[in-house]
Amino acid sequence: MSEVFEGYERQYCELSTNLSRKCDSASLLPDADQKKEKFSEIQSGLDDAETLIRKMDLEARSLQPSVKAMLLAKLREYKSDLNKLKREFKRISSPNAHEELLESGTANAHAVSGERREQMAMSVERLNQSGERIKDSRRILLETEELGISIVEDLHQQRETLLHSRNKLHGVDDAISKSKKVLSAMSRRMSRNKWIVGSIIAALVIAILFILYFKLSHH
């Protein structure tokens, strides 16, 4: 998993929790100036949270597809959480927010706060589960990468072996060609020698016949 994404993620979780607390406390402030100052802090925090969401989105989209899919799924939860914070802020900052709060009572505010804490606890739990899944995916990716490297090395060795065998075959072909040339030369020499020997034998036979004829004719 990306360490950059994890850093943005931690910042967002902390900021979301603080914003939720500020929304709860701002709705209970009786002084208008204090409430206005608190609203300004909340609006600034929402802007920071939105910036972190964009940074997480850019970081997630730059990663490998298997990790990217899980991070984008997690990011959708954070976007939903930010939208809830915006709705809550809009509710408490509306002109009729004070009257609505008086009607709903302080108990309802505590219920909302408890619900927010429960949602954040569930988000943290999902975060931990997603982190474990991402770690497993990263481990599988590393194992796959190591296996791929091993296969590439084996193929390289086989290629070297084939090239070496090919060079040997070329050497054998050269030797065969040279042997053919030698045998052809020997064959030609043998053919010439046969004619020479045959000519000598024929000359000897003719000479013997001539001698025999000469002797027989003088008796």
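All values derive from a computational prediction rather than experimental measurement. When reading the values below, keep in mind they use all heavy atoms of this one structure, side chains included, and skip hydrogens, waters and symmetry mates.
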Next item on the list: Not counting sequence neighbours, list each pair that qualifies as a ring-ring contact (aromatic ring centres under 6.0 Å, His included) and has a residue in residues 16-49.
Entry: F39-F89

Item checked: Pairs involving residues 184-212, ordered by first then second residue, that meet ring-ring contact (aromatic ring centres under 6.0 Å, His included) (sequence neighbours left out) ->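 Residue pairs passing ring-ring contact (aromatic ring centres under 6.0 Å, His included), neighbours aside: none found.
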
Donor-acceptor under 3.5 Å ([X] side chain, [Y] main chain):
X	Y	result
S20	S16	no
S217	Y213	yes
D57	I53	no
S25	K22	yes
D81	E77	no
S62	E59	yes
Y12	Y78	yes

Next item on the list: Would you check, one step at a time, whether the test side-chain contact (heavy atoms from CB on, under 4.5 Å) holds for D24 with L28?
Entry: CA-CA 7 Å; D24 293 339; L28 300 175; 5.9 Å; no

Notebook entry, point to check: Can you check whether L72 reaches R61 side chain to side chain, under 4.5 Å on heavy atoms?
Noted result: yes

Margin query: Within the 4.5 Å heavy-atom criterion, are E50 and L46 side-chain neighbours or not?
Written below: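 Answer no - side chains too far apart.
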
Between [atom1] of [X] and [atom2] of [Y], what distance do you get to the nearest 0.5 Å?
X	Y	atom1	atom2	answer
R192	M190	CZ	CE	12.0 Å
L75	K68	CG	NZ	12.0 Å
M56	Y8	CE	OH	10.0 Å
K79	R54	NZ	CZ	10.5 Å
L85	I42	CG	CD1	9.5 Å
C23	K90	SG	NZ	14.0 Å

Note to self: One pair to check against side-chain contact (heavy atoms from CB on, under 4.5 Å): E88 and R91. What are the steps and the verdict?
What the structure shows: CA-CA 5 Å; E88 178 66 13; R91 185 184 68 80; 2.8 Å; yes

Next item on the list: Kindly work out whether a path of hydrophobic side-chain contacts (I/L/V/M/F/W/Y, heavy atoms less than 4.5 Å apart) joins V205 to V197.
Entry: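 Yes, because V205 and V197 connect within a single hydrophobic cluster, where side-chain heavy atoms sit under 4.5 Å apart.
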
Check: Please walk me through it: do E37 and D33 pass side-chain contact (heavy atoms from CB on, under 4.5 Å)?
Finding: CA-CA 6 Å; E37 182 179 355; D33 291 335; over 6 Å; no

Check: If you look at every heavy atom in A49 and L15, which pair is closest and at what distance?
Finding: N-CD2, 3.4 Å

Next item on the list: Heavy atoms only: give me the nearest A26-K35 pair and the separation to one decimal.
Entry: O-CE, 3.4 Å

Next item on the list: Begin with the C-alpha distance, continue with both residues' side-chain angles, and end with the deciding distance and a verdict on side-chain contact (heavy atoms from CB on, under 4.5 Å) for N83 and R87.
Entry: CA-CA 6 Å; N83 289 331; R87 287 195 297 270; 3.8 Å; yes

Note to self: If the condition is side chain to side chain donor-acceptor pair (under 3.5 Å), which residues does Q43 pass it with, not counting sequence neighbours?
What the structure shows: D47

